[in-house]
Amino acid sequence: MLFRDMPLSKEQAARVLADAHFGIEDGLERVFIIRAGLDDPREPIKLLEVNANTVPTGSVEPIPFSPSKDIPFVTEIAEISPEEFSRLERGELALPPGWTLEDADDVPRPRAA
Amino acid sequence: MDARGRGRRAAPPGGVNGDRRSQYAQGFYDQAWSDWQAYGVLTRAKDLPRWHPLHYLQMACEKLGKAYRLRNPRADVDAIATRHVGFTQFINEFLRSPAVMADYDGQRARHKAVSKTSSALAREIEKLAPATDRTHSPENAEYPWEHGDWEKGTG
C-alpha cells in the first residue's frame, strides 16, 4: 500500500496527498486543503496548490480525479501560479463555487521535501 | 476513427442540446486525436518546416487538456473552450492525481523526475500557441515569423 495499512479518513487522505505533492513538485509554494465540504461524503477532497512551475490561466479551475486504492476519495486539484494567488488574495480572482479559503488548512512543506 | 478522420464525430455546434459539457469534451478528444495523427504525418514529411508539426502537437495537447478538464461537472464550458492555456496545469495536476501517485508507489525520485520533465515539456508546448505569453515567448508555431527567422525552421 502506498501510504499505510489502515484506511484513511478523507481529512487524513487530503493531508497525505498534500505532503506527497510537496515531495514531487519543487515549485509548490503553498498547498491548501479546502475544509468546506470535507465532512460531506458527497464532496471531493479539494486542494488548492500554488505552483511556480505552472502557466497561469487567469482562473481557478479544479480538475477532478478518480479515487485510488490508497486514496479512496474523488480529489479535485486546482493549480494556480503565485501571481494568481496574489490576485486571489486581492479579490481580483474568484474561487470556484463551493471553495473558500476560510478555515482552509495551509499545509506546511514537509522538512524532507 | 482512422487516420483520414473517417468515423469522426461531428464537432459540437454552437447550440448543442443535452449534455453540452460532455459533447464538448468528446469533440475536443476526437479532434485532439486527429491533430495527433496529423502531427505524426507532418513529422515524417521531408523538407517541411518544423513549425507545421509543432503547430499540430500544440493543438493536440491543448484539446486533450480541454477534454479532460471538461470532466468536471462544474466546469465553465465556455471559458475552457475558448482559452488556449491550461495544458500545463492539466499535466501537473494529472501527475499528482491519486492514481498516478499509486502507479509510482515506492518510486518517489522517479515520479519527481518524470513530473519535472513532463511539466517542462508541457510549458514549452503550451508556449507554441500564439496566445501564450507573447511578451516573453514571441516565437510560436502558428506565426513563426514573429521570431525573426521565418526563413529557417527546417531543422
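Keep in mind that what you see is a predicted model, and the values were worked out from it rather than measured. Residue numbers start from 1 in every chain, and the chains themselves are labelled A, B, ... in the order their sequence lines are given, proteins ahead of strands.
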Of G86(B), A113(B), A75(B), S97(B), the largest count of non-hydrogen pairs under 4.5 angstrom with chain A goes to S97(B)
Measuring heavy-atom distances to chain B, does A78(A) have an atom under 4.5 Å in its side chain, in its backbone, in both, or in neither? backbone
Return yes when atom CD of E83(A) has more than 12 non-hydrogen atoms of other residues, nucleotides or ligands closer than 6.0 Å, and no otherwise. no
For Y68(B), is the OH atom crowded, meaning more than 12 foreign heavy atoms sit under 6.0 Å from it? yes
Interface moiety of P97(A) toward chain B, non-hydrogen atoms closer than 4.5 Å: backbone
Using heavy-atom distances under 4.5 Å, tell me whether P96(A) contacts chain B through its side chain, its backbone, both, or neither. neither
Within a 6.0 Å radius of atom CD on E92(A), are there more than 12 heavy atoms belonging to other residues, nucleotides or ligands? yes
Answer yes or no for R21(B) and Y24(B): cation-pi contact, defined as NZ/CZ to six-membered ring centre under 6.0 Å and angle to ring axis within 45°. no
Go through the atoms of T75(A) and report whether side chain, backbone, both or neither lie under 4.5 Å from a heavy atom of chain B. side chain
Just so I understand: if I count every heavy-atom pair under 4.5 Å between each of E25(A), E79(A), E49(A) and chain B, which residue has the most? E79(A)
Is it the backbone or the side chain of R96(B) that comes under 4.5 Å from a heavy atom of chain A, or both, or neither? both
Classify the ring geometry between H111(B) and Y104(B) as parallel (under 30°), tilted (30 to 60°) or perpendicular (over 60°). parallel
Would you indicate whether R110(B), at its atom CZ, is surrounded by more than 12 heavy atoms from other residues, nucleotides or ligands within a distance under 6.0 Å? no
So, are R69(B) and E93(B) salt-bridged, with charged N and O less than 4.0 Å apart? no
Please classify the contact of F87(B) with chain A as side chain, backbone, both or neither, using a heavy-atom distance under 4.5 Å. neither
Under 4.5 Å heavy-atom distance to chain A, tell me which part of R71(B) shows up: side chain, backbone, both or neither. both
